Asker: 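To start, I am sharing the structure in question, which I have written as structure tokens.
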Amino acid sequence: MKPKINVAKIYRKYGIMLIFITLFAVSSLINKNFLKPQNLMNILKQISVVTIIACGETLLIVAGLIDLSAGLTCTLASCFAAGVLVSTGNVFLSIITGVITGMVVGWCNGFLITHFKLQAFIATLAMTNVAKGITQVYTGGTAINGVDKIRWLGQGYIGIVPVPVVLMLICVAAVFVLMKYTKLGLYVYAIGGNEKATSASGVNVKRMKRVFFCISGALVGLAGVLLMARMMSGQPSVGDGYEFDAITAAVVGGTSFTGGIGTVGGMLIGSIIVGMINNVLNLLNVSTQYQLIVKGLLIAGAVILDVKTKEGKEADS
Amino acid sequence: MKKKCYKMAALGLAMGMLALTLTGCGKAAPESNSESNAKQEADGKQEESAPAQETGEEFVIGFSNMNDIYPYCIKFRDYLVEFAEAEGMKVLIADAAGDAAAQNGQVDNFILQGVDVVTAITIDLDASIPAVNAAENAGLPFISYLTNVRDNGGYDGYIYIGSENYEAGLLQGQYLAEVLPENAQILYQTGNPNDSQYSARKQGLLDGLAERPDVTIAAEVATMNQKDQGITVMEDWMQVYEKIDCVVAQNDDSILGAIEAMKAAGRFEDVITVGLDGSDDALVSIEAGELTMSVLQDAKGQAQAAVAIFKQLRDGADAASIEDANVPFQTITKDNVGDYK
Amino acid sequence: MEKKAVVELKDISKSFPGVRALDHVNLKIYEGTVHALLGENGAGKSTLMKILSGMYTEYEGKILFDGQEIKFRSEKDALEKGIAIVPQELNPIPELTIAENIFLGREMTNGLGLIRYRKQYEATQTYMKKLGLDYDAGMKMSQLSVAQKQMVEIIKAITRNARVIIMDEPTSALTGAETEYLFEQIEALKKTGISIVFISHKLDEVYRICDEATVLRDGQWIGNVNLADVDEDTLISMMVGRSVQEIYPPLFPHKKEVVLEVEGLKGDRFSDISFSIRAGEILGFSGMMGSGRSEIARSIFGMDRLKSGTVSINGKQVMIRDTHSAIKNGIAMISEDRAIYGFVGLQSIRSNIALPNCDRFSNKGFIKTGELEKESADICNVLHVKAPDLVTKVGTLSGGNQQKVVLAKWLIRNIKVLILDEPTRGIDVGAKQEIYKLIADLAKEGMAILLISSELPEVLAMSHRVKVLVNGSFAGEFMHEEATSDKVMKAIVEGGSKV
């Protein structure tokens, strides 16, 4: 009856789609190049690395955790993967190296949090520096070149779809299935919704948290391999700040910082929204610094909407 | 027990990775001495280089680097340390990671540690002035490499060693003035517009193109001198521009990214590309016939010039009387890349 | 003597999408009286009080204050006019001291705008001494027990010169002695002309302390009665809308085999605890808050660490290291704080039921939704869980239904021992009855049940045996036939004096 409540309900269900459609329409009108199929495919390609990281972040944030080291771990993984590819020439080994690097860092994060009872925020912040340091030591600060064998991953196509986009969609689909249809997914939502009750139901919450970080870490590592393929090099200076983009995508997509709420489907749309905005700003020649401001405002807006639509429901007796 | 095995395995894996890194599977840095130093470095921490012979009063140099993520900064630092130690001097190294305030703090630390000369790749035209003041108050000479502080911070004991960013831009512009076809459009990728480097390099570029009024800069986007943004921006530019004549960047990482994007899209034929820094990657690209031209910052030359000045100071010369050293940039194209590899 | 009506709500109606929460409800509160507001959960009591206290500003009908029509713009507005509410769910800011909490919103400040903590502290301390309380006004809220927090809220209301204080389930977390104390305070407040709206399910207390009662049912105003004129059964049938049989079900004889045997248990708050429960037996634990009952339960269930002692199920000793091992050995517990430990509010009924049973409902990690749906539907039917469907979020259900979902998730397992800690707290009469019947049925089927409750009538009626706990050890045991409240209270008092 009262419009106030209806808006909240509508936003919760369809809000992200509405924002997406609106932005899409506006972008098409602002710049004629936006609608070119190649451009649209580019947007998906450009968000692919961050979106894969965001799959992990979404899972973690829903579980009441967070990973601030994702960006630099992605860099670390990309450099290790590049190094292995150059020294062994084996693509498979290179990919495995990247994924395992991410998993090890993830496991360390999980360990710090469950054993030393550190807040996820603090622990992963500390790991950021460790990852950065190891990257510097390993690469000596310069890029690792000679990774031609991975070109297909960064620049290839499967039909009309670029390989990075395929990989991204596979990751999103996999995490989607995990969170919605598996036991593990239930635990993610339960621990994020009420950790104490979940523990009182016999679930080993500490172990689960470590598992969550390993999964997220593996995704970060995979993203690192993709990053290396896109760059055609192991670039130690690139990747810092990617976690911020990933978290933005998750939050814009409806993931709540209080835990227990969020999906990767929403995150994907959130990521596309951020990518679209970056793209349009580029097409209009706006400096990347302004893109930072826009992203910051986006996340603020998304959080405000998140809070407002939660308390918008007046409880009945 | 399962739990224990799990832990041991993970620990073993972590140790394995550590071992891998320490055996230096990655790129090797210039000389062996500096290599061990490079490995010890972490953000904002200070490290000492291995002291050479004990000659009683050792000459100590404090060096605050601009940012470890730039290959150029690393190259310069390694050369500096190598040449200084060869002369029996000691270098204290710190990395400011792009933070001017952090750099000023590092300079203060150097002074406390009793260095003989304070040096830095100063980060900001204005924000780095306090560092110069600190050196002046301590009666120590202040050397700024590559970048400058406004009006020398008003200190006559201030010495500049470097290559003018303006000159780099100028060389880019002059080269392009010769090779660009008529009515060519330039797509320009830049660094952080708040950086003192940005305006100098851009101005040089524009001046170098002065004699070609038909040439325009069709678009300018700040890619922050990063390779991933070089790729992304180029991908988007290719949607806007049917024909790409020329892409210029303010560093090599960015232009190499743009090149990758164009190659992937199959639109790299006949595009003139210009970078800045003359990094190892760029030289390889030039040799392979991809990158058209880059401007080499002669890190080696700059380091040698620096050490020459250190020697003068050690021998008792007054800082105010020492002239600035300008080490010229080198235009590198396919023709002469062999000399610089 | 002609009593003045301080507040009158006339023809109050309020709707939410799809629900008519209140339909022409009347409430007239006289000065210096205690007025009970009765009704099952969902009857509309909370909604009515939220309108009275200014939280809801959109409604039909009118509010009269001292005879004048008034419309509150906000809670703050209502508070200033003199309507204060002491909520059931207390969520004080944990780091605030008692004094700071009491002065929250109207701090004493000096000329510069700085808060005069010292003065606030002294004022609070003096006031509490006057009331005969010996808390230190500098204690942090997080250090207080639930009862003490409630007391602070009441003091806060009084010091705000409230003329009407709404108390929502005030004694749900209080022991007998604390309840007595509260009633003394209420009597004192009455004398000063303050009126109390008393919302409670405990009819014996209502009869003790209230003068009149207004009964709501399903949003309808059923009537206003003078408590001296009606008996309890009439009141209950007004609330429930049907004639009421005995609230408590009959006890069935239990079997001989011992299911749970506990020996020499020692924990932080208890020591030397040994007892056993046979199949089909309901053992009741009675005692004051803080006597260690919940702590013992938590240790047996693996939520807290046991310092020493053994637990055996069906004669075999078991190692209880955590909740997982307890559950595997057939022990389940419903905690007294069901919102914190019982269920995940954001998740559906179905997911909550699945949570401790994932091994059963999953195949290679994937949840067997079909099977889960069917089993959940079955158990919810058996327990009469009232909800639109199985994907409804448990947080939106009423207290009684929430408790049933918590039970459901255990009952689809093969449980040998069920520990119930304050199972009917905050639940309305109708739902309570259902739960009592459920407990009796489970016992009939051979389950060993440990029933912990602060509601003496409940413990005495439902248990085969009652053990009394004082300060972490047993102070007495009574069989069902001989157990009375007097004997239990005596045991508590005597046990306490033995320290």
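Fair warning: this is a prediction, and the values are worked out from it, not measured in the lab. Every chain is numbered from 1 and lettered A, B, ... according to where its sequence line falls, protein lines coming before strand lines.
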Asker: Relative to chain A, which segment of B:Tyr241 carries a heavy atom at a distance below 4.5 Å: side chain, backbone, both, or neither?
Answerer: side chain
Asker: With a 4.5 Å cut-off on side-chain heavy atoms, are B:Asp253 and A:Ser237 touching?
Answerer: yes
Asker: For residues B:Lys227 and A:Val238, report the shortest heavy-atom separation together with the two atoms involved.
Answerer: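 Here B:Lys227 and A:Val238 meet closest at N-CG2, 4.1 Å.
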Asker: A:Lys45 versus chain B, heavy atoms under 4.5 Å apart: side chain, backbone, both or neither?
Answerer: side chain
Asker: Decide yes or no for A:Gln46 and B:Asp236: does some side-chain heavy atom of the first lie under 4.5 Å from some side-chain heavy atom of the second?
Answerer: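 With C-beta onward as the side chain, the pair touches.
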Asker: So what's closer than 4.5 Å to chain B heavy atoms on A:Gln235: side chain, backbone, both or neither?
Answerer: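 The side chain, not the backbone.
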Asker: Report the distance from atom CG of B:Asp228 to atom CG of A:Leu227, rounding to the nearest 0.5 Å.
Answerer: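 Separation between the atoms: 7.0 Å.
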Asker: Could you tell me whether the side chain of B:Thr232 reaches within less than 4.5 Å of the side chain of A:Arg230, counting heavy atoms only?
Answerer: yes
Asker: Considering residues, nucleotides and ligands other than A:Lys36, do more than 12 of their heavy atoms fall under 6.0 Å from its NZ?
Answerer: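 Atom NZ in A:Lys36 is crowded, with more than 12 foreign heavy atoms closer than 6.0 Å.
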Asker: Taking side chain as everything from C-beta outward and backbone as N, CA, C, O, which of these in B:Asn67 sits under 4.5 Å from a heavy atom of chain A? Side chain, backbone, both or neither.
Answerer: neither
Asker: Hey, what do you get for CG (A:Asn33) to CE (B:Met238), rounding to the nearest 0.5 Å?
Answerer: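 One gets 12.5 Å once the value is rounded to the nearest 0.5 Å.
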Asker: Using heavy-atom distances under 4.5 Å, tell me whether A:Tyr242 contacts chain B through its side chain, its backbone, both, or neither.
Answerer: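 The answer is the side chain of A:Tyr242.
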Asker: Nearest 0.5 angstrom please: B:Asp78 CG to A:Thr142 OG1, how far?
Answerer: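 With rounding to 0.5 Å, CG (B:Asp78) is 9.5 Å from OG1 (A:Thr142).
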Asker: Of the non-hydrogen atoms in A:Gly141 and B:Ile74, which two are nearest, and what is the gap between them?
Answerer: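 Heavy-atom minimum between the residues: CA-CD1, 3.1 Å.
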Asker: Look up atom CG in A:Asn282 and atom OG1 in B:Thr223, then write down how far apart they are to the nearest 0.5 Å.
Answerer: 10.0 Å
Asker: Would you say CD1 of A:Ile160 has more than 12 non-hydrogen atoms from neighbouring residues, nucleotides or ligands within 6.0 angstrom?
Answerer: no
Asker: If we define contacts as heavy-atom pairs under 4.5 Å, which of B:Ala219, B:Gly257, B:Cys73 has the most with chain A?
Answerer: B:Ala219
Asker: Any heavy-atom pair between the side chains of B:Gln226 and A:Met231 that's under 4.5 Å?
Answerer: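 They are not in contact (no side-chain heavy atoms under 4.5 Å apart), so the answer is no.
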Asker: Is chain A contacted by the side chain of B:Asn225, its backbone, both, or neither, given a heavy-atom distance below 4.5 Å?
Answerer: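 No part of it gets close to chain A.
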Asker: How many angstroms lie between CD1 in A:Ile43 and CD in B:Gln239, if you round to the nearest 0.5 Å?
Answerer: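 Here the rounded value is 9.0 Å.
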